[in-house]
Structure formats: C-alpha cells, structure tokens
Amino acid sequence: MTSSPTFRRLPGVLAAALLVGGCAAQPPLEEPELVNTNHSDFTGSWELNFGRSDDVNHELRQLFRRLSGSTQRAARNGTRTQNSGLIASQGAAQAVIDLARLAESITRTQVLQIEHNEETIEVKREDDFALTCGFYDTLPESAANMYGREVCGWDGHQLVFYIGLPDGLTVSHRMTVAPSNEQLHIATTVASSTAPVPFTLNQFFDRFEEVESEFDCTYTLTRQKVCTPRRASN
Amino acid sequence: MATQSRLWAPAALALLAVSGFAQAQTGGELPAPPVMEERDPRYLDVTLSVLDPGLPERDSQVRAAGIYPEIRNVEASYLPFVLRRMMVASSEWGVVRVVPEADPTAELQVYGTILESNGVTLTLAIRAVDSTGREWLNRTFSESSLNYSSRFVEPFTNLYQQIASALVKVRRGLSEKELLSIIEISSLRYAAELVPEAYGSYLAEQPDGSLRVRRLPSRDDPLMARVNRVREFENLFTDTVDEEYRLLQDEIAATYSLWCRYRRQVTEYLQDEEQRARNRRTTAPRGSFEAMRRHYDNFKWSKLQEQQLSQWAEGFSNEVDATVVEVEGRLVELTGDLDSRYEEWRRILRSIFEIENQTP
C-alpha cells in the first residue's frame, strides 16, 4: 500500500511542530468491560455519510495540534500533563501516523448490511470480514485464534467490538445508533504499544432502503446461489 | 414430486399394512402369525440408535466450539447408516436397523455420541450392550480424514470398520449358549414389557446388573406366540422408520460429502497457513504500518475463512432442511401411530392373559 501525499508530508510538518520531551509509548487500549444485554436495534442497510465523517488527515493534524499545544503549555508552566511530551520524536510521530493509516485502511467500507436479532448481530462490511456477536449469555462473547482475540458486548447502549492483535495492536469499533434509528455512528480506535497515543476515526452512516430484488435467492452448497422470481404480494 | 412419491411409498405400504391390521383388530384379533425361521444364534439382530449429537449445553459454547448444530444433528442420523452399511456388508449379523430411540430389548443395542466432527477428525464414543445387559463395547473411536488421499473414498471408513470389527470380535468370543441366551432374553424382555403380569418373573437380575433366564415359557405357549407376532409387526414399523432414514441418507449423501470436503480443505488450508505464519520472517519493524497491517490482514483472513465455512454450513442447511423436516414429520406420524397401536396390543394381550388365567 502506498501513502497518500498528505501522509508522506505529515512527518516532516509534524516533527517540526513537536517539542522536545520524554518519549513515552502508552500501553495499548485496554479491553473494555462489557456486558451482553441486547439494547438498540442496528438492523438495516447503512451508507457512509462523507460530510459528517472524519477525514483522516484532518483528524491527524488536530491530534498533533492538540498534543503540541498541551506540550507547549506544559513547557510554559513548567508542569507535565498526561499527554505533554508524548509526541516527542519523529519516531513517535511516525507511529501515530501509521496508526492513522491503519485506521483509514480498515474503515474504507462505505456500505454496511446489519442483521440484528435477540441472539446475534452480524455487521457485513465490503472488503472486510463481518463483525459478529452472540448474545447468548450475560458475559461478553470472546473468541481467539493464533492471529488475535475478539471480544464483543454492550457498554451501555453502545455495541463494542474489540480486537486484540500481536505486538500490542488493538482495534475497537464502538457502534451507536441515534434515537431516531436513522443514523449510525462508529468510532474506530486503533492503538499500539509502540505508539504514544491511540487514534480514533468517527464515521456516520445513514439508513437507506434497498431496492427490493425481483428474485428470491437462497444459497445452497451444491448449486451455490439459487434464485427464483419473487411472487407479487397481494 | 417424483422424489416425494418415492419417499412416501414405503411409509404408505406400512400404513396400509397397519390399517389392515386395525380392521382385523376390531374383532379383538392379533396380527396373523409371521413365518418364523430357524435362527442361527451367530447372526444377532443389531439396533443402532441415532447418535447423540454431542452438542454443548449452552449456545455460546456451541458457537465458541465452531459447531454447526444443524449439521451435527443431520450427522447424528446420517453416520449410523454408514456403520450399518459396513455391518450389513460384513454378513456377520442378522437384521441391522437404525432407530430414533434406543431399544433395551434389542438383542444388541449400539449407542453413540459424536464427540468431534470437523471434517478432518471424527471422534465417536460407542457403547454396545446386549439384551442380557452385557457390555460389549464402551470406548472412543477416532479417525482423521487426512489419512485418505483420494477424495472419492468415503472418509472415516476405517473408523466404522474398527467399530464393526470390535463388535464381531466380542461376538466371536461368546459361546453358542451365550448367544442363544441373548436371543431368549431379548424375546422375554420384550414379552415382559408387553405383558408384565405374564412374563415379569421369567427373568432375574444378577448382582452385576445383568439378566439371566429364571424359566422359559413352553414352546407352545399361545400368549408368547401372540407376543412374537406383535414383535414382528413392530419390526415392520421399525423397518419402515429405518427405510425413511435410509432415504434421508440417500438424499443428503452428496451434500454431506461436499460439506466434508470443503470443511477438510479449509482446515488443511488453515493449518498450512498457520505453519507458514509461524515460520515467516518479516523485515517490517515492530509497530510500523506494514507490521500492523500484516497483523490485521492475518486476523481478517482467518475470520474470512471462518465466515466462508459458516456460509457453507448455511448452504448445507438450506439444502437439506426441507428433506429433514419432511422425513421427521413422517417419523413422528409413524412412531405416534406405532405407540397407539402398541398400547392397544398391550391391552388386548393383558385381557387374553386375564381370561386364560381365570379360575373356572
């Protein structure tokens, strides 16, 4: 994958804005405490609202501005705040930029198809695996294989998918549906033990009604997709 | 439609036979005596009950274990047929039947639980008990489909062969007297279940829980002859049920075989990939975009494989569900019918026994 021109320019620009200080990598995002009580209904088709969703470059600049501002204030006051001095070197800046690139690459889906019932939810994403969760027990559902670990469940009215990957890399998707049920917000946070701060991208999706197909299709093992013309409803 | 009428044929025949019997029964009669053949005690009749699918209690455990319950349930009734085929082909046994529920009066009853079935490994816990209560087998059989290089060979053939051979080995270790005793006790247990007032005291339980014959009915015992006739009719029903299962097996065999092949391919592929991932050396520095992207892609790839498997499982269910539901419906009908007939036969036989034992 090649960097976008903005990504390529950013390290130099940001390094210049960074102040000297301690270079502390933060621990990756902690696994959230989740429960498994089914709340909102996410069922439906959702398309990305570009206007409301975050632009990765803008968010990255904002993040650096915020951090450098906090470092400058700390330097002026002779105090250290939680984030002061975090982006202290070009290496640390690059780590945050890499997180942003990863966040951007895993949030490219523009359309989501969600099937949600009392027992399970399946969030189908274009060009990526579906996020799935079962609500069979009160405990959050978790699964692991040699490549990573997944935990999902509810944090209040938000549905959280947390993925723990090697080298302290974590990805979390926090989904919230608006009370009107017409908008969906997903905050995707990527964190790494090698980056000083996590990076979050907010995406907003609008509900849309899919055009009803003229065919009823069923997937079968031996004949693959079998479709028959849909009967007109009375 | 043709398939449907083919499926219905044996059931319809059985129902006709029974309705004929029901008409005859209005006069308080029992079925006409079947032609009894001399039995060679080596050829015991075997009843294979549908397997326990071995599903974990909680849905979350089923999901975590990667078990597809619909497929496991189909396997529970499909796999005994493969074993039956082996046993019939060996010509070592009498009638081998597959039934929905265990029959403790059977000459030899084989029970089983699916412990693992993932396309690559099949593990079954098998227990076999004869009518005397003697345990023939109680062990686990396991086999890997990776031992079969040809995709045209039914996988796990060795596993069924091992079970069949283990049963034959036990039978060969029994004397003719012991084998005869199994047949007699099977017959007496059936009679005692049907008319306990008459035959309840013919068997005695020994300290180890097994049964022995305390006394035998006379060779010309008319009540026993009637009991045997009822049993023959029950067997006719059982054979109809068995036929239903066999047809179900024929219907789903191709789909099941494809499922096993796909599942095996995915498992093999995952195992190879895992090995490659372990041995892969990377130059991307830890925490770099390339390294993080690789971690994410590996996880994504494993999830996509998992989800492909789920889609195939759904495709399998979509394809066989209609047949399974249809057959199960007919089985409920048949067994329900048998249960009510059985109660009626029980009532008639008891009445006969009471009449015959009235003091003049």
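Here is how names work: the chains are called A, B, and so on, in the same order as the sequence lines, proteins then strands, and each is numbered from 1. These numbers were taken from a predicted model, which means no experiment stands behind them.
Expressed to the nearest 0.5 Å, how far OG of B/Ser288 lies from CD1 of A/Ile97 amounts to 13.5 Å. Taken from CG in A/Leu221 to CH2 in B/Trp312, the straight-line distance is 8.5 Å, to the nearest 0.5 Å.
Closest of all the heavy-atom pairs between B/Met292 and A/Ser192 is SD-CB, 4.1 Å. The shortest non-hydrogen separation linking B/Tyr262 to A/Gln224 is OH-NE2, 4.1 Å. Between B/Phe289 and A/Asp98 the shortest heavy-atom distance is N-OD2, 3.2 Å.
In this structure, chain A has heavy atoms under 4.5 Å from both the backbone and the side chain of B/Glu274. Using a 4.5 Å cut-off between heavy atoms, A/Asn145 contacts chain B through its side chain alone, with no backbone atom that close. Residue contact with chain B, scored on non-hydrogen atoms closer than 4.5 Å, involves the backbone of A/Arg149 exclusively. With a 4.5 Å cut-off on non-hydrogen atoms, A/Leu99 touches chain B through its backbone and its side chain both. For A/Ala143, no part lies under 4.5 angstrom from a heavy atom of chain B. With a 4.5 angstrom heavy-atom cutoff, B/Glu273 touches chain A via backbone and side-chain atoms both. Using a 4.5 Å cut-off between heavy atoms, A/Leu102 touches chain B through backbone and side chain atoms alike.
Applying a 4.5 Å heavy-atom cutoff, the residues of residues 294-304 of chain B that approach chain A are B/His295, B/Tyr296, B/Asn298, B/Phe299, B/Lys300, B/Trp301, B/Ser302, B/Lys303, B/Leu304. Annotation: residues 54-65 of chain B contacts chain A through B/Arg58, B/Asp59, B/Ser60, B/Arg63 [non-hydrogen atoms, separation under 4.5 Å]. At a heavy-atom separation below 4.5 angstrom, chain A is approached by no residue within residues 114-121 of chain B.
Side-chain atoms of B/Asn318 come within 3.5 Å of backbone N or O of A/Tyr219 as a donor-acceptor pair.
In terms of non-hydrogen atom pairs under 4.5 Å with chain B, the most contact-rich of A/Leu165, A/Thr132, A/Ile163, A/Thr222 is A/Thr222.
In B/Glu101, the CD atom is not crowded: 12 or fewer heavy atoms of neighbouring residues, nucleotides or ligands sit closer than 6.0 Å. More than 12 heavy atoms of other shown residues, nucleotides or ligands fall within 6.0 angstrom of atom CG in B/Asn279.
In this structure, the side-chain hydrogen bond (donor to acceptor under 3.5 Å, both in side chains) partners of A/Arg174, at least two apart in sequence or on a different chain, are A/Asp155, A/Gln158.
Under 3.5 Å, the side chains of A/Thr194 and B/Arg286 contain no donor-acceptor pair of N or O atoms.
No side-chain heavy atom of B/Gln308 sits less than 4.5 Å from a side-chain heavy atom of A/Phe129. With contacts defined as side-chain heavy-atom distances shorter than 4.5 Å, the pair B/Glu319/A/Arg223 qualifies.
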